[in-house]
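Residue numbers begin at 1 in each chain, while the letters A, B, ... track the order of the sequences.
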Amino acid sequence: MSSDRKIVALVDCNNFYVSCERVFNPKLDGKPTVVLSNNDGCVISRSDEAKLIGIEMGVPIFKCQELVEKHKIQVLSSNYVLYGDMSHRVMKTLSIFCPEIEIYSIDEAFLSFSGMDPEEINNYCRLITKTVLKWVGIPISIGIGPTKTLAKVANKIAKKNKRATGGVFNLTDHPDIDKVLENMEVGGIWGIGRQYSKFLKKNGVMNALQLRDSPDEWLHKNLTVVGMRTALELRGVSCIELEIMQKNKKAIGRSRSFGTDLFTLDELNQAVSTFVTMAGEYLRKQKSLAAGIHVFVISNPFKEGPRYFNSVSINLPRPTALVSELINYALQGLKTIFREGVKYKKAGILLFGLVPDDITQLDFFLPSYPGSKEKKLMEVLDIINTKYGRNTVYPLSNGVERKWKMRQLKKSPSYTTNWTEIPEVKT
DNA sequence: TCTGGGGTCCTAGGACCC
DNA sequence: TCTGGGGTCCTAGGACCC
C-alpha cells in the first residue's frame, strides 16, 4: 500500500563555497570565513563562525571591515571553476546512491525515494551524508518529505539543528507537522520571496501553517498559481515534479560588472564581444542555435554623473551559433545604445529564441547554419579551447588588454583536476 | 460613420530561485 | 575606494486575426 508513496529528499551542501575552499585549505577550518561575489563585492557564502559574528548574506564587504579585522575573518574571492568541479563530484556521488536525481543548483539536488520505507530512508540518508563527506569533503544536510516544498522545509530544520538531527530530518508521517509549520516563518518557505512575504504578513499570514490553511481562491488571486501551488505542496499534495532529465536552457546570458568604469565604445565592444563568446560556447555545448540577441549597458548607480540604462533586442536573419555572426549583431546593437559621456559599470548580453541545431532547413532563401562549413569551424574552436584551456583561441574583437575584467584579489588557486576515480561504495 | 467578441501570439515587467 | 550573476515562470496588455 505504502510502496508507491511519493517521497522526495532535498540535499543541500552546507556553506558550499566556503566548504569547497576548506577542502583544499584546512587552515580555514574553525575560522570565520567568507567568500565574495565577482569583483570582490558582496558576501555570498559564510562559514558558521562568520554567521555567528553577524555577517549578513549579500552585504558589501567594505561595510564589514571592522568585523573582519576584529575577528580576523578570512576573506576569499570566488573561484567558480573550483566550485563547479566540487559540485560535479557531489552530484556524481549522490547519483550512485539514487539514480533518480534532479540537480537543482550548484549545491542542491532532489532525490526520489518513492516507495521506500520512511524508516529506512533516514538511515540511508545518514550513509549518504557520511559518504559525501568522506569522498568529497563537503558536509551536506538532507530534508525529506512527501513534496519538494516540504522537503525544503525539512532541510532547513536539519541544517538549523545539526546536533539533534545529525543533518537529516524527515517530515514524512511526522506526528506534529502543524507545530513544525507553525514555527516556520512564512518568508522562509520555498517560493515565498520578499514581496510575497511582505504582503502575506500584512494580511496576517505569518507562518507556514497559516499559509497552508489559507483559502485557495484568495491565494490564487493574490499570489497567482505559484502561491497556490506552494500552499498545496505544504498540504502534502505534490504539484512540482522532479525533473530528472537535464533540460536545455531557454536563454543564455552573460554579464559582468567591470573592475573599473568604462567610457569608450571600443572598450564596451571588447566586453560585449567577450560575453557573446562565452555564451556562444555554452550555446553550442547544449547543441542549440540562437534566433535573437539582447544587449544592455548600465552606468554606475553608486556614482555621480548621468544615470543611464539602455538595451536593445535584435532578431537574427537566421538562427545561428557562429560566434562571428553573433558578435557582429551584438556590436551593431551596442552601437545604437551607446552614449558618450556615461561611466559604464556593467554590460551584458542574452541569447534568446533558442532552437535545436539539428533542424534542417529554416528558411528557403538563407543558407542554414547547421551542416555548413561554419559549423565545422566552431566545432574545431570548441575542441581546442576544451583541450588547451579557455581562451586559447578567441575572436580578435574580444581584445587583448581586457581593461574591463574583474577584480579578484583573494582567489584560491585552481586545485582540482578531473575526478575520474570513484571509490567503491561500502555499506 | 461607426463599430462585436473571442482567440492567439508576443512582449514587458514583476515575482521567484540559488 | 569598495555594492554579483544566471536563470525560470506567470500575468497583463497590446496587436492582430477572423
Side-chain angles (χ1 to χ4, degrees), chain A residues 10-17 34-46 56-66 68 75 77-80 83-84 87 102-110 148-149 152 155-156 186-200 219-230 239-241 243 246-261 271 275 278-279 282-283 286 291-292 294 296 298-304 309 311-313 315 345-354 406-410:
Chain A
L10 174 70
V11 177
D12 191 323
C13 300
N14 302 341
N15 316 330
F16 184 55
Y17 298 168
V34 300
V35 172
L36 304 180
S37 61
N38 282 329
N39 276 313
D40 295 343
C42 304
V43 173
I44 53 169
S45 182
R46 307 162 293 160
E56 293 295 317
M57 186 68 171
V59 70
I61 191 65
F62 73 86
K63 287 188 177 169
C64 314
Q65 221 42 60
E66 256 177 57
V68 168
V75 179
S77 302
S78 41
N79 184 345
Y80 284 103
Y83 310 149
S87 170
E102 172 189 340
I103 298 169
Y104 178 67
S105 75
I106 195 164
D107 68 337
E108 280 179 54
F110 287 102
K148 279 183 164 180
T149 306
K152 276 268 189 185
N155 185 283
K156 283 217 167 174
V186 77
I189 303 164
W190 189 45
I192 305 299
R194 285 258 289 282
Q195 300 303 317
Y196 284 172
S197 173
K198 214 162 80 185
F199 171 83
L200 287 166
L219 288 166
H220 190 281
K221 187 175 154 225
N222 295 293
L223 275 61
T224 79
V225 298
V226 180
M228 232 202 83
R229 272 206 288 260
T230 299
C239 307
I240 309 168
E241 293 303 312
E243 282 166 17
Q246 290 262 52
K247 282 199 292 192
N248 272 356
K249 298 271 182 273
K250 293 170 179 173
I252 300 165
R254 289 292 179 270
S255 66
R256 290 287 183 280
S257 296
F258 307 131
T260 52
D261 291 349
F275 299 150
M278 296 194 291
Y282 198 102
L283 181 74
Q286 75 161 32
H294 186 81
F296 69 90
I298 302 171
S299 65
N300 196 332
F302 298 103
K303 278 194 184 158
E304 309 277 307
F309 168 89
S311 67
V312 59
S313 282
N315 292 308
K345 177 60 184 170
K346 179 175 178 176
I349 63 103
L350 183 77
L351 303 179
F352 62 88
L354 306 193
M406 300 182 297
R407 250 191 326 273
Q408 287 192 311
L409 299 178
K410 297 147 187 166

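When each of A:Met57 and A:Ile252 is assigned the nucleotide of DNA chain C with its nearest heavy atom, A:Met57 is the one assigned upstream, toward the 5' end. Position along DNA chain C of the nearest nucleotide to A:Lys345 versus A:Arg229 favours A:Lys345 as the more 5'-ward residue.
Residues satisfying the ring pair (Phe, Tyr, Trp, His ring centres under 6.0 Å) criterion with A:Phe110, sequence neighbours excluded, are A:Tyr104, A:Trp190. A:Ser87 meets the side chain to side chain donor-acceptor pair (under 3.5 Å) test with no other residue; sequence neighbours excluded. Residues that satisfy the ring pair (Phe, Tyr, Trp, His ring centres under 6.0 Å) test with A:Tyr196, not counting sequence neighbours, are absent from this structure. With sequence neighbours left out, A:Glu241 forms a side chain to side chain donor-acceptor pair (under 3.5 Å) with A:Lys6. Residues passing the ring pair (Phe, Tyr, Trp, His ring centres under 6.0 Å) test with A:Phe296, sequence neighbours excluded: none. In this structure, A:Lys249 has no salt bridge (charged side-chain N to carboxylate O under 4.0 Å, His left out) partners at least two apart in sequence or on a different chain. Shown here are the side chain to side chain donor-acceptor pair (under 3.5 Å) partners of A:Lys152, two or more places apart in sequence or in another chain: A:Glu108. Residues forming a side chain to side chain donor-acceptor pair (under 3.5 Å) with A:Gln195 (at least two apart in sequence, or on another chain): none.
Across all strands shown, A:Ile189 has heavy atoms under 4.0 Å from sugar-phosphate atoms exclusively, and none from any base. Using a 4.0 Å heavy-atom cutoff across all strands shown, A:Asp40 reaches no nucleic acid atom at all. Residue-level contact check: A:Lys152 touches the backbone only, with heavy atoms under 4.0 Å from sugar-phosphate atoms and none from bases. As judged by a 4.0 angstrom heavy-atom cut-off over every strand, A:Ile106 is placed among residues making no nucleic acid contact.
Counting non-hydrogen atoms of neighbouring residues, nucleotides and ligands closer than 6.0 angstrom, the OH atom of A:Tyr282 reaches no more than 12 such neighbours.
Counting only Watson-Crick or G-U wobble pairs whose defining distances are both under 3.5 Å, the stems of 3 or more consecutive pairs in DNA chain C are B:5-18 with C:5-18.
Considering all non-hydrogen atoms of both residues, A:Ala271 and A:Phe258 come closest at CB-CE2, 3.8 Å.
Of the residues in residues 59-66 of chain A, those placing a heavy atom less than 4.0 Å from an atom of DNA chain C are A:Pro60, A:Phe62, in numerical order.
Of all nucleotides in DNA chain B, those with any atom nearer than 4.0 Å to a heavy atom of chain A start and finish, going 5' to 3', at B:dA15 to B:dC18.
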Quick one: side chains of residues 219-227 of chain A, donor-acceptor pairs under 3.5 Å with protein atoms, not counting sequence neighbours, listed by atom name and distance.
from: A:Asn222; atom 1: ND2; to: A:Trp218; atom 2: O; distance (Å): 2.9
from: A:Thr224; atom 1: OG1; to: A:Val226; atom 2: N; distance (Å): 3.2

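A distance of about 23 Å separates the P atoms of C:dC18 and B:dT3, rounded to the whole Å.
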